[in-house]
Structure formats: structure tokens, C-alpha cells
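We name chains A, B, ... by the order of the sequence lines, and we start the count at 1 in each one. Keep in mind that what you see is a predicted model, and the values were worked out from it rather than measured.
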Amino acid sequence: MKYVDEFRDPAKARYLLGEINRQIEQIATCQVRPLQLMEVCGGHTHALFKYGIETLLPEAIELVHGPGCPVCVLPMGRVDDCVALAEQGGVIFTTFGDPMRVPGSRKSLAQAKAEGADIRMVYSPLDALKLARQHPEREVVFFGLGFETTIPSTAFTVLQAEREGINNFSVFCNHITIIPTIKAILDSPDMQLDGFLGPGHVSMVIGTRPYGFIAERYHKPVVIAGFEPLDVLQAVAMVLRQIAGGRAEVENQYGRVVPQEGNRAALTALSQVFEVREYFEWRGLGSIDYSGVRLRERYARYDAERRFSLPNLKIADPKACQCGEVLKGILKPRECKVFGTACTPETPLGALMVSSEGACAAYYRFGRLQQQTPAHPQDMMDRT
Amino acid sequence: MKYVDEFRDPAKARYLLGEINRQIEQIATCQVRPLQLMEVCGGHTHALFKYGIETLLPEAIELVHGPGCPVCVLPMGRVDDCVALAEQGGVIFTTFGDPMRVPGSRKSLAQAKAEGADIRMVYSPLDALKLARQHPEREVVFFGLGFETTIPSTAFTVLQAEREGINNFSVFCNHITIIPTIKAILDSPDMQLDGFLGPGHVSMVIGTRPYGFIAERYHKPVVIAGFEPLDVLQAVAMVLRQIAGGRAEVENQYGRVVPQEGNRAALTALSQVFEVREYFEWRGLGSIDYSGVRLRERYARYDAERRFSLPNLKIADPKACQCGEVLKGILKPRECKVFGTACTPETPLGALMVSSEGACAAYYRFGRLQQQTPAHPQDMMDRT
Amino acid sequence: MNSHQGSRHITLAHGGGGKAMRDLIETLFVRHFHNPWLTPLEDQARIGLGELSPGGNRLAFTTDSFVVDPLFFPGGDIGTLAVNGTVNDLAMSGAQPLYLSCGMILEEGLSITLLEEVVESMGRAADAAGVSIVTGDIKVVPRGAVDKLFINTTGLGVIPEGVHIASHRAQPGDAILVNGFMGDHGAAIVDARGDLALDNPVESDCQPLHGLVAAMLAACPDIHCLRDATRGGVATVLNEFVQAAQVGMRLEEASLPVRETVRGVCEILGLDPLYLANEGKLVAIVPAEAAEAVLAAMRSHPAGREGAIIGEVTAVPEGRVVLATALGGERIVDMLVGEQLPRIC
Amino acid sequence: MNSHQGSRHITLAHGGGGKAMRDLIETLFVRHFHNPWLTPLEDQARIGLGELSPGGNRLAFTTDSFVVDPLFFPGGDIGTLAVNGTVNDLAMSGAQPLYLSCGMILEEGLSITLLEEVVESMGRAADAAGVSIVTGDIKVVPRGAVDKLFINTTGLGVIPEGVHIASHRAQPGDAILVNGFMGDHGAAIVDARGDLALDNPVESDCQPLHGLVAAMLAACPDIHCLRDATRGGVATVLNEFVQAAQVGMRLEEASLPVRETVRGVCEILGLDPLYLANEGKLVAIVPAEAAEAVLAAMRSHPAGREGAIIGEVTAVPEGRVVLATALGGERIVDMLVGEQLPRIC
Amino acid sequence: MCLGIPAQIVNITDAENLLAVVSVGGVKREISLACVIEGDSPLEAWVGEWVLVHVGFAMSRIDPEEADKTLKLLEELGELQVKMEDQEGLTPEDEQHG
Amino acid sequence: MCLGIPAQIVNITDAENLLAVVSVGGVKREISLACVIEGDSPLEAWVGEWVLVHVGFAMSRIDPEEADKTLKLLEELGELQVKMEDQEGLTPEDEQHG
Ligand code: SF4
Ligand code: SF4
Ligand SMILES: [Mg+2]
Ligand SMILES: [Mg+2]
Ligand SMILES: [Mg+2]
Ligand SMILES: [Mg+2]
Ligand SMILES: [Mg+2]
Ligand SMILES: [Mg+2]
Ligand SMILES: [Mg+2]
Ligand SMILES: [Mg+2]
Ligand SMILES: [Mg+2]
Ligand SMILES: [Mg+2]
């Protein structure tokens, strides 16, 4: 497959690993402690595990899996709202497959479906709109979920609904934005990060400029990265080169997809339909100012939060759950007290154990190897 | 079971058969041709076959199976109306089990159900009303079918619906009355009947007086009969005794159930809710004046014919079908050209092949014996 | 069942072939069905032919799906039915029933507690019948694609040498027997869902019949025909026999065993007990000279206490079952056309 | 089918045990399945033990229900699946598949034409696989109680002496083989209903595998493990093996055969071909020294043309399947938790 | 037409709506007495009575005296017949298909 | 977050609603071009282009030159490395777990 296979080439990966090792040798910090690089995006977390990249990287690099999985950071109260919506008579609740198993305080969407709620998985918000067209007697609610990558598609779908005069369609908006969250993490006192892999697909929408503050104000290198193994490895090498050179800039590894200026059509639609919320609740991270969006007043009739009455409760995360610390990179998944015991992919306590981009699930599924086999003696508990 | 087993006593049946044979000897006609007695009621037809009574009666008695099965006389167009009602969105069509398989011009109710119509079998019209109570968002239509025995129960159900203010219930009224039909048969020129077994359960409602004209004007004996074997045999003996004695009266064999004056409460409810139609179409018999009832104007909102638009077409009976002649006693079932070939219980052409009270079905199921076995050489084709 | 914590319902994951299914199989099915053939959890049970041959020289192999609604009814449930139904189809060849498979189709959202009740009930029924459930399969389908729970059981048994039971073997003169009251199961479930609002004391007769058959074979190894009178009732079995053997039959109405309560149900709904389903009743055709011995064997077995000779095989009318009514009349007892529907007229 | 004149649809009467059912069985099932065991239409097929013993010394006995939606999909239908699925479960013990039962559950209103297509397709698949469908059962349930049509097949086969295939026999050093492209069936049906609006050229790999297994056994009678990789895919089978045998496994990502189009489906929906269902693929564990011979036997059989050695059994990590990525990294291939859901993130 | 069965009233379940439970050979069902009640005679008086039930309604009270009368008449007929046969030297069986 | 896949535009299916069919390894789906179209440039010009698809929308045109640039850079890195290793007498494999 074009633009896929070329970027999985093992030979080129070896060159990059060589380069990474060479850079490490030139970085003084590495003699004292591992460098902490945060991949903001869950897509990178997924790629790291899928291709076994962590098992290839030198010990001196520690990857911190950031908050960039919209499923993992979904607060329990919002899942409850989804269930409440889905269980209303006459509603067809449409969602991407990802959040189906995220636990709410009473049940997940998968459980609600098993108990009779009409919940349908869709591939695109346009599929949800199509259902609304096909079932004019029903209320079709689309579970809007995702960062800036996904928001424009929801926006265009709302605009399309308006154009067609479809009135039985609405969005339960849980869209969030990544920049305020990165800022919150950088402001967190218990945080020591040396650099960032920037989210490639968010960036194709927002462009590279919004990351400027990371370099300028916090003096951390940022490299916008693609999702194939060579992309990730090259981005790591680029971050290291900045560190080695004492630079802190925003660089773009993913030029084939990410234009510096982002996607103007998408951003226009986004800001036409959505406006920033004063704050939004994140699982594990608490409330973050300006980190969510909602539909503008003009599109109120497409807003499920205005159209239906929702429980809208703030549900505290389970006491034992340490997702927040893991999300901020303070704890590694395996250091969470309930990892692998009370919290497993079958009975997840926290959202990080649910999504295939969730760090805990990824560690549990792909990562247990190093704990059990002596094949890689250099792997320590805290780095796999 | 009380009031059942006593009336199935084989010893007493033998006494009655003895009496019947003695009466026959005293009737002159019997030397020339068999006596033709019509059991008006399908319940009697059923009992005759179920207990093998015809195989016990002397040759000189020929039973003619009359029009008293409300399923058998249902015209095809009315079945089509039922199907059309049942196939309307939102309708729950409720019916007794009996008419389920009666062929319409396109399909039977059973086929419509198999194809997705929401058709439910009920034991009582009150069960249909209960469904209306349970499903206020649906339209529950009750298929009112039957003679005077059944009409009062429909009437009481309509009154109950009114009392409770239930508005999603209606009756598709196909109720018919027996007296005009007996009169039509007596007026038919090709008809030679010697006496009648009167319908026991209709009579418990209407009493014995309405049959007076048969004795007075047409000089035919009538004996109101119950449905157990002894009832039927005793009634036959009583008719014979009238013939032998040259009498033509209305007698009541079924005194334990049928009061002379009928059931006043039932008749009051009947005439409160229903009024006579100018004419009604019968399968095989054509249109008969004043032979059907409909809901009075005051109960129009419970009348499915007013509430829904129906095809209401008059569908000619299939050409090959000779149900009419069989109903009038002109042909025996086996003399119909399609009996047992094009018309069988599996693929009925006429309604008489469907209901277990239909003469053709009864002959086909219970009566083929005599055609095939030499065990009863006295049985001729035209009498079994 | 740790993995179902917080979820007392079947989800599609339980049929996905992964961990949830594996856990369900191990915690529920292996527990209640435990036996050495099932436990390896291979894709197939393996049965030494040497284990089979001492019992006879032919395998009996039969399948039935069970779709009863409601799942629990007076006198049994879908689980007892699924075991006994297939045990009985094996027994009707004279076979000793030995091994059963169990295929379950579950509706997403089904209560796991309810499923466990059914599985437990199957386990108990299998123990009682002396059979092992040695292989199985679970499918979960989306809500609405199945009504709660269906079960298929397929059975294996061994037919003793010298036993040749076949529907075409009915001969004029043979006696016709049933092992007790007709129509209990049909009457018990006709309104078990409550639509007809009957308050009905009848219980299903669901029971395994191979012990009874063994006792009958001991009294007469040359039983000609055997069939359990399930759907379509005794009338249907007799019609199948007269057609297969090209004989006639004559039943005596007065000798037909019917419970008073079942008669009650039939009177109310206009049904005929000859066509009502049974789940623990068989019809046997035996040589006239063995009839009394078989009847005695029947009556001394718990499953045949109310056994009766109900008629005899005749030469004519060929292909027809005739009922001599108590009154002395006659009528034909035909194949059922369509379902038996409740009648009002 | 004279008795269905004017009714091209299944009605409850077809399951009532009466005449309509009998006619359906005779006109449809007996016609398409015709064989000497089925035709007597007894409640059970009877199979001489003498017919079985020449083939081996053990019976293989397996059951599966088939609930695929849609009933017809690229490369097959529920009928071919129902025959091949059970044939394959038998074949995975090394058995020669011989006899099948067929239990059908039909929805009231089902088109009889459609049913006949399925039955015909089963008949053809059985002929192709050389098995006989010798006993059956039909149930009809009210509209809405089942989604169109489910089939259970249960199979009997005979395992040759000396063949001992069992999941616990995997040993460190053994080679792991598959007989061709992974995930074709899963990718073919993932959107066969069209909800995801994919235009997907993938066809199901549905095929019988006993011929292939016979060829493999000829090359190496001591095959250690065999399993068809149906629901849950190759990953699930391998996990079952490592758990049963208390060994580890190491797969080579680069050697996994996956069709380009299947990769396309997986990329679009975020799925992993290791977990996609197959209906004509097996996983074999064979002694290292026999690996090349088995591979050669596979590749010379039509059902194994694209066969490949995909990895080896290891001592550690016990109970774990490890994938060596093309890149040189490693990851664990775990049991599937829940269903595989289409992902967007 | 009009399948009707004798049933005994077991108890009154809803006096306002005239509902009672009847028993047929031990099988029970709730039916309506609306078609047999006139005026406001106490419903309890119906308990133990036999009625003819059709489509969930009692349609007639069964008169035990009339039933007895019918059965007695048939018995007398039997006695009479025995006498006649004694006179004629015939058994009733011979007449049966007469 | 944000699974995105490179896909090639095969044809335009509904110009008014900006719908086109893309192919991924031979598998096709209709997607929306609404997020990549600006102004009214002719839609047909997109046929043959590669785009990054996310939840049924093309979100970015893939720039073939940028892609080539990245790959060429890596090749050069490889060449450079070979030279360095030749100098150091090391094979890249040894460094792998560095
Ligand atoms: S193990 Fe569970 S609770 Fe702990 S951080 Fe991970 S997902 Fe959260
Ligand atoms: S055989 Fe059929 S068509 Fe002829 S009279 Fe009877 S029911 Fe009518
Ligand atoms: Mg069977
Ligand atoms: Mg059976
Ligand atoms: Mg049977
Ligand atoms: Mg299986
Ligand atoms: Mg259901
Ligand atoms: Mg199986
Ligand atoms: Mg299988
Ligand atoms: Mg298998
Ligand atoms: Mg069966
Ligand atoms: Mg359906």
C-alpha cells in the first residue's frame, strides 16, 4: 500500500535506530537519567506497541504516553450521559466503535446495547446523518468524540443536516482540543519532560504554529510526527538532535500530510459550528480550561445537550484508579496499584485499560512480555 | 367433567339409536327417499364427525350441514379487508384462531402474519381490549366474528371500552345473524328439507321463539339441540317423532342451557351497540337481507370500517368452488368437482375446507373412511 | 465468573471466540457438564470405537433444536427438554443413549443467571439420563436476532444387536401402546406465556424414555415400531407409521389415556389431545402376542405407570388411522394440517 | 412443492410436526441431501459400527451453530459454512469426516426459495466434501424470534489409528504453519450487510480442509496440533495452544500471509488480521524436522497453495504468543478481549 | 358455531367489572359475568354455579334440574327399550345399524 | 488518536455534495471531500490524488514530493551510516539494542 509500506521499511528503521543511538551518546542528561519524551497522541502509543518500537529504543529514552486518546480521557459522567441518551425511547445512538466498552458508573455503551438500547456503530458522522434521513420518526444522536482531527467532520455533518433541513439529528458533543491540555501538562509541577512528539493528524488540521509556545515559553523541542514506524523513529531522532544541539523548535517530520498552515476549510467549518467551552472535564486530569468545544447557539437544535435532558453528573473516578498520574507520565502503567489485578482489559477500572490506544491496555496486551521473559535483561520494570 | 361426560354415555346413545330406528320405521317418506335434516350449526357438524355419529345413524337419515359456521361463510373480500387492516402500520389485529387460515384473494391472515403483520390470536374480545390498554400507542382492531352467541360479548367489550375511555380499540364487525339465513334457505327453490336441528348456543341468547316461523309458515319441525352426542341423537329422535306424528313445532332438547326467552341482558347489550345491516354478503350464498349487524352511529369510533379506509371489494368466489351448493345441502361435499383434488385442507379453495366445522374439511378429515373401506357396505357415496 | 463482574448479561464478546467466551465455557459449561471427553476443550470430542462396540453393532445419530417459549414452564425447562428430547430420539431406535453435543445460540443481553439455570438443568438431566455432553458450541447474536436462547442437541447411542425397530414394520394384528397420559406437554405450554390467561395445573411430562424402552425390549426384543410423540402428538406418529408400513390402524377412544385437566384445556380451547405434543410419551407397535407382556413391563417402570393398549394395526384402510369412538361410531384421525389453533367455533 | 402453492413463505405449520413439515422435508431436504441413511426418515440415523472401524479406532464428534448475517456473502453462504465448518472441526482431529446432522431454525415468513437455495448449497457442499447429511430437524419460530435462519450441524468422523493431534502437544522447537491468507472470511463479511458502506472485493475462504489434512498427515503422521482459525482468528488459536501446552510461541510478522485487500479493510477499520475469522484456514504445529515436508504437502494441495511457516514454538514466555515485528521489535499477541470493533482512533 | 363449555364459578375476582374465575376440569380462567347478570343481585351468589362459557363470557346459567330431567328421560327410554326388546326377543346391538 | 489512512481518489460520485470514492488496497468507500475543497476548483482534478482519510472525510492531500523527500533523507542517512560503520568496523545489527 502506497504511503504505508515505504514507511515500514526495516532497513531504514535500522538507520534511524543507529542515528538515535548516536544522538543519545551526545546528550549529557542521558548519563544521569533517561530522557522523557511524551508522545501526545494515542495513535503514536498504538504504533509504538504495534510495531514493538519501544523494545528497539535504547534504555536512555523513556516514552511517556500522553493524554491524546479521546476515549481514554472521557470522564465517567459523560459515559453515563451517553447511556442515558441511548436509553431514551425513540433514540438511535450512533457512535464510533472505540468508546463502546468504556465503563460508565453503571454500565458501558456495550452493556446498554446488550440490554436493549438502540446503539449503532458508524464509520463516519455522515453515516449517522444517513440514519436520521432513513428514520425520520426516530431521534438520531451522534456521539461526537475526538480532537481537532475529527471536529471538522462533525461540523460539516451539522452543516449538511442544516442544508437538508434534517431535524431529527443531533450531536452529543465531547470534542476536545489538544493545545490547552499540553499546556496544562507543562504547567503541572510534578512533570519533567524533555520533548514532545506532536500529533500528526491533529496538526494536519491546526498546522504547526499552535505548538510554538512549547518551544518558546517552555523551551521544549516538538516534532510533529506521522504514524508509521519510520515516522515515529525519525521524529524521535529529530527531537534528540534538537536536545543534543540545545535547540527547542517546532519541527515537522510529517510534511507529506501536515501543511504548516493546517487545513483552512476544515478550520473554517470548525469555528462556524463550534465554540470553545470555558472548561471541560477530563478523566484523570480534572477540569481543564478552554479544552472542550460545544455547538454554537445558532446550531442549538443539533445539540443533544440542549435537546435532551441529561443527568450531567460529575462522577469521581474510582478511588483506586491512577489514570491521571499515568496520563501525566508520573506513573508508568504498571506502577498503578490496580494494574493487571483489579484493572484488566476485561474488567477495566480506568479508561486507559479500554481503548487500544490506552497506555495501560497497550502495556497489558503487548507489553507484558518483558516482565516475564529474561530475553531482554536490559528491560527494567519501569520502562516497558 | 360435569355436564359433559354424562351426555356422552354410550349406553344411553344406544337407547336413542334404538328410538331413532323405531321412528324411522313409522315414517312413510323413508321408504321413498332419505329424510333430509339440516343441522344449522357448525358446532353440530363438528360433533357429528368427532363422535362418528353419522356412521351410527340409519341410512334413511341424511344430515345436511347448514350455513352455521361463521368462518365458512366469510366472503373472500372480507378476508382481504382483514389482511388490509392487519397490514396497516401501527395496527395490532386481534382474532380468534378459527379464521387464521381462511383464504383471501391474495393471502390468508396466517400468511399475512408470516409476512410480518402484527396479528394476535385472542380467546376473548376482552383480551383484545386488554392489548389496547397495554399498547396505547397502537391501534388494536378486534375481528368481530360470529352469530348471536358471540355478538353480546363484542357488545359488552365495546361498552367497557367506552366506560374506560379507551380510544385505540375498534371492532371490524363481521357478526351475522342466523334467522334471515335460515329463511333464505327455506325460500330457495332447489331445497327439500324435512326438519332442523336448531343451534343450541345461538338459542341460549335469542331463545326459542324466533324459530316459530319455521314450524308455522314452512311446516318444518325444529329441535334446539345441545352439542354432546346424546344431545344430537335425542334431537334427531325428537325431529323424527314430530315427523312421524305429523307435527311441526319448535321443541327444546337443550333445556339445561337454553331458556325459552333467551338471555335478556345479552340481547339488551347487543341491540344497544349493534343495528341490523340492510344486507350482508355470505360466501357461497350471496347477499342476504338483514343478515348482518354493524355498530350503531353512537359507537362509530369503535367501528374499524369507519375508522380505517378498507378496500371493501366484493371478490367473486373461485369459479370451481361449489361451497354455496354444499351449504344449501344441494351437493354433498364429495360431489363438489374440486373436493380432494384442487381443494384440500392444505390448499383450501373454499372456506368449507378450512374450518374444522366446515363440512368439506370434516368430510375430508374424518369421513374418507367410508369411501375406502368395505367395512360398512351400507354406506353409499352420497350419504357419508 | 470473575470476568462477568458488573455484567450479568451476555454480550457479543461472549460469542467472539476470545477470552470472554473461553471463560464462559470454562466457568459454566465445563463445570456443569464435566466429563473426560469434554474437558480437553478440543474442537471435537473423541470417542474410542472400542467403548461403543460392547453395547451393540450400530450407532444411532439424531439431532433436534429446542426453541420452546417460555424457557421455563411447569414441569421442566428448555434444558431438560434439550437433553431428554434427544435421549428419546435415540431411545426410539432401541439404542442406549451415550453422548450428546450442545449448540447454544444466545441473545445479546441474556441474563447469565438464567443461562446458568438452563445449563445446570441440562447437566442434571444428562446425569439423570446417564449421558455425557461431550462437545459444544456457543454463538451470541445481536439483540433481536434470536428470542433469548435456542439449544441444539445431537446425540449418539448404540443399538443392541438383534433390535430392529422401524416405522415400516407395523403389521396387521400388532398392538398399539402408549406409555401414559397424552398431551401433558402441549397442554402445559399452550398458555405458559399467559396470552390466553389460563390458570393451568398441567405439568409437562418431560422425561427420558430409554430406561422404559430397555424394559420393554427385555419383555419383547422384537418391538416393531417406536416413536416419541412430540410435535403433532400421538396422531402424527400413528399417521407416519401407517404411511411407512402401508397398513391401517384402529384406535379405541375409550382406551386413550388423557388427564382430566388436559381435557379441560382442550375443551376450553377447542383442541384435540391426540395432536398435543408430549415430551415423555412414546407410541409402540408390538406383535399382538407380546402386547400384554410389554404392557406389564411398561406399567412396572416409573415412566410407564399409566401405559395402555390403545388400538391395533389393521390391514385396511391402508394409510389411515381410524378411531372407534366410545359411542360406537368411527372417524379418521388424519395428519395435522397447519398448526392446531385455539377455536371458538 | 404442491403444498406450498400460493405460499412461498415458511409458516408456523411447517414446523408443526404435521403434513406441511413432512412435505417440506421430503420435497426439499430429502431431495438435496438424498442418501440411504436419511431416506427412511426415522427419528435417528443408524450407522453400522462395521462401516466405521476400517477408517480408524476413534470417533470424532463435533457441533457448531451457524448464525452468519447476511446469509449470502461473497464466496459462500450459510449453507456452505454449515457443512465446511463442521467438516473442518472433524478434520482438525485428523478424522475423515463422514456423517452430518442438520438442525434448522426458520423464521416464520422466510422465503421458501431462499431456504431451498441454502439447502441446495448444503447438499452441494456435502457432496464436495464427501459427507452425508443423515439426520435432521426443522423448527419454525414466530416472526421476530429468529433472524431468518440458523443452522446447526453436528458431525461424525473416524480418526485413523496412530494420529494423536491435541492442543497440549505443542513443544518448543515445533514449527507453526498456516495454509494461506489470513482473515479473508472476516474481511469478507465485516461489512457484508453494508452498514459501513465498504465496496470490498474480498471473498470468504470457506472450504473443507480434510483433504489438506490428509495430505499433511501423509507427510507427517505426527502432527502435534491442528485447529481451524475461525472466530477469533489465528491469534486466538495460538493462544489456546500456548495455554494448553504451557509453552510460548514466536511469530514472524514478515511471514504472515495477508491479502492486500484484507490489509486494506484492516487499515480502514482499524482491525488486526490476526484476529479476523477464517473459514478455510488451519493452524498446524508440527515437529521442526517435518516442517518443510508438511509445508510442501500443503502447497501441493489446492487448499494450501499459499501455506507458510509463520513461527515456532518456544519454551518461554510460557502461555504467551510473541510477534517479532518486521522492524525487529516484539509485541505480545494476546487473546481477544471483547469483540474486535471498528476503530477511528 | 359457538364453542361453549360448561364451567363452574370458583370465585369473584372483580365485582365492579363483573369478573369471576371459572374452572373446567381443574383448569381456571377469568371470565366476565356481564352477560348473565341482571339488576344488582349479589355476585357471590354465583359462586358454585355452573355456566356455559363462550369467548370468555358466561352466556347462560346451566339449569341442573333440566339436565337431570334430560338424563332421567333417557334412562326411562332405556328401561322402556329393554322391556320392548324382551317382548321382541331382540338385543339393542342388532338394531344399531338397523 | 485519529486513525488516518492514505487513500487514492478513484472517482467523483456526487459533485454537489462533494462525495468521491477512494480505494485503500483495492477496498473502496465513498468519502466526503468537503474538508479539502476550497473555492470551486473542479472536483475531477482530484481523481488520482492521494488523500489522508479520517472518519469518512478526506482531511489532507498527501504531498508526494514531501514523502519522497523524507524517504530520500532516510536513504542518505543509511549511506552515511554505512560509511561511518565502515570506519568504525561495526555492523548496524550490533547497535540495534544499543
Ligand atoms: S491500571 Fe487501570 S486504573 Fe490504573 S492507570 Fe491503568 S487504566 Fe487507570
Ligand atoms: S370442496 Fe372446497 S370448493 Fe368444493 S364445496 Fe368444499 S370447500 Fe368449497
Ligand atoms: Mg431428532
Ligand atoms: Mg425429537
Ligand atoms: Mg422423535
Ligand atoms: Mg464451535
Ligand atoms: Mg427478544
Ligand atoms: Mg465444533
Ligand atoms: Mg467450528
Ligand atoms: Mg474449530
Ligand atoms: Mg426433530
Ligand atoms: Mg428478522
Indicate the atoms forming the closest heavy-atom contact of [X] with [Y], along with that distance.
X       : Y        : answer
C:Phe61 : D:Leu100 : CE2-C, 3.8 Å
D:Met21 : C:Arg231 : SD-NH1, 3.5 Å
D:Arg46 : C:Met92  : NH2-O, 4.4 Å
C:Ala60 : D:Gln44  : CB-CG, 4.0 Å

Go through the atoms of [X] and report whether side chain, backbone, both or neither lie under 4.5 Å from a heavy atom of chain D.
X        : answer
C:Glu240 : side chain
C:Tyr99  : both
C:Ala277 : neither
C:Asp69  : neither

### Query
Any side-chain heavy atom of D:Leu90 within less than 4.5 Å of one from C:Asp43?
no
### Message
Could you measure the distance from the CD atom of D:Glu107 to the CG atom of C:Asp147? Nearest 0.5 Å is fine.
### Response
11.0 Å
#### Entry: Value rounded to 0.5 Å, distance of CG in C:Asp89 from OG1 in D:Thr135
7.5 Å
Residue, of [options], that accumulates the most heavy atom pairs under 4.5 Å with chain C:
options                               : result
D:Ile165, D:Val237, D:Leu226, D:Asn88 : D:Ile165
D:Ile138, D:Leu336, D:Leu49, D:Val141 : D:Leu49
D:Pro40, D:Gly233, D:Ala166, D:Ala235 : D:Ala166

Sort out for me which of [options] touches chain D most, counting heavy-atom pairs under 4.5 Å.
options                              : result
C:Asn239, C:Val158, C:Leu59          : C:Leu59
C:Ser65, C:Gly103, C:Gly16, C:Gly56  : C:Ser65
C:His168, C:Met104, C:Arg22, C:Glu51 : C:Arg22
C:Ser101, C:Ala13, C:Gly232          : C:Ser101
C:Val134, C:Leu156, C:Thr230         : C:Leu156

### Query
Which of these passes side chain to side chain contact (heavy atoms under 4.5 Å, CB included) with D:Asn152: C:Thr154, C:Ile105, C:Ile151?
C:Thr154
### Query
Under a 4.5 Å heavy-atom cut-off, does chain C meet the side chain of D:Ile159, its backbone, both or neither?
side chain
#### Entry: Residues C:Lys19 and D:Asp334 bridged, charged N to O under 4.0 Å
no
### Query
Are the side chain of D:Thr63 and the backbone N or O of C:Gly136 linked by a donor-acceptor pair below 3.5 Å?
no
### Query
Does a donor on one side chain and an acceptor on the other come within less than 3.5 Å for D:Glu42 and C:Ser167?
yes
